[in-house]
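These notes concern the structure reproduced below.
Only a predicted model underlies this, so the values are computations on that prediction, with no experimental measurement involved. Naming convention: chains lettered A, B, ... in sequence-line order (proteins, then strands); numbering from 1 in each chain.
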Amino acid sequence: MQLLLSTRKGLIQLVPDGSGWRTLRVSFPGIPVSYAIRDPRDGRLWACLDHGHWGQKLHRSVDDGVTWQEVKVPTYPEGTEVKPGVPAVTRYVWVLQPGPADQPGRLYLGTEPGGLFRSDDGGDTWSLVTSLWNHPSRPTFWFGGGRDEAGVHSIVIDPRDSRKIQVGISCAGVFETCDEGATWNPKNKGLKASYLPDPNSEVGHDPHLLVACSSHPDVLWQQNHCGIFRSTDGASTWTDVGQPGGPAFFGFAIAADPLDPAVAWVVPAASDEQRVAPAGAMCVCRTCDGGATWQALRTGLPQQDAYDIVLRHALDLCGDYLVIGSTTGNVFVSSNRGDAWTGLGHHFPPVYAARFA
Amino acid sequence: MEGETVAGVVRTLDRRYPGLAAYLVDDRGALRKHVNIFVGGELVVDRERLTDPTGSEEEVFILQALSGG
């Protein structure tokens, strides 16, 4: 097992060492890494870089990060516009999602300003999924949330059928294709967008992160801007399972247990206006009953003077292990499903993503 | 160096160092926000299409701004 920390100052690889963890290596020192992941099919590492001055870059490694090869980052076809007069350029790479085992070479990439890209040659070349980009809702109901333009940050491939994919877009909502991207439909029934004139709008939602229970793929969860929502019918309808008044209500990250469809974890933050640890105390909330109740897990986490928030990709699960990394540079690991946490370090750069690999 | 305009110089550089252009200009070929190019000591005027002329003897100086914490 390995841990990939995508941070504001590079990619940090950690490995277990006795009862703790140690840094294996740091790649791209000083460069913001928006996301990194290992492709389980071939073991390659992928790193998405957000250079301050040089734009977005994409790198892959076939030797566990010892050396990296730069791959051309996807670009929008010439003439593509976010809106009339505003050319679409790749402003941020939110996520890279390896394809399923039955589609070797297939990769997906989610970007700002809202483009989903696909590769069928292991990332050598990419093409914009124009069917989603050209969805009639995009010009009027897709907009920025946190960043200037809409972003594709969640890509969920149905393990039963590789043609079925759900994506999470902020702000737009959940969209689904059942024909490998030929057509897309919004899947936001039951969500509440309290910031919109019509909170029940079909599109315009802000699912901070969309995840699925891999052994029960019709069970999906999302930590939404306006609460926590769960679906048991493949995203056709959503139920609000957040705690009114919190702490399990606002946040960015969510993890679903791959085996038990009733179990999930979130990392609460205080209100959308503040975005800090609730009452200065970090906690992870876990539900074991489909969101009916939530238990705040605090053992080992700072309980005073904490300003940490955990961004959408900075919570991950592997077996009984959980990891969280905060924008304050704190990284905690639990080996017992969140019951207790151990700090791996408190002086990391701001963490954008934490992934077991 | 070949190229009668700044855009031509960037293209030439990219042939010599593949991928370099993507660091200097964005997807549309416009100069990235925090990159400046000087021709003969003068800042280029056309940041969008890099049509500023370059004489064969003139120095083309590429400057990256460093900022942030």
Distance (rounded to the nearest 0.5 Å) between Q56(A) CD and D27(B) CG: 9.5 Å

Heavy atoms of other groups near E58(B) CD, more than 12 under 6.0 Å: yes

From N36(B) atom CG to H53(A) atom NE2, the distance as rounded to the nearest 0.5 Å: 11.0 Å

Pair H51(A) + Y23(B): ring centers closer than 6.0 Å: yes

R49(B) CZ: over 12 foreign heavy atoms closer than 6.0 Å: no

Heavy-atom closest contact (P87(A) atom, R28(B) atom, distance): CB-CD, 3.1 Å

Atom pair CH2/CG of W54(A) and D26(B) - distance to nearest 0.5 Å: 13.5 Å

Y76(A) atom OH, neighbour heavy-atom count above 12 within 6.0 Å: yes

E70(A), part contacting chain B, at a heavy-atom distance under 4.5 Å: side chain

K72(A) side chain vs G19(B) backbone, donor-acceptor pair below 3.5 Å: no

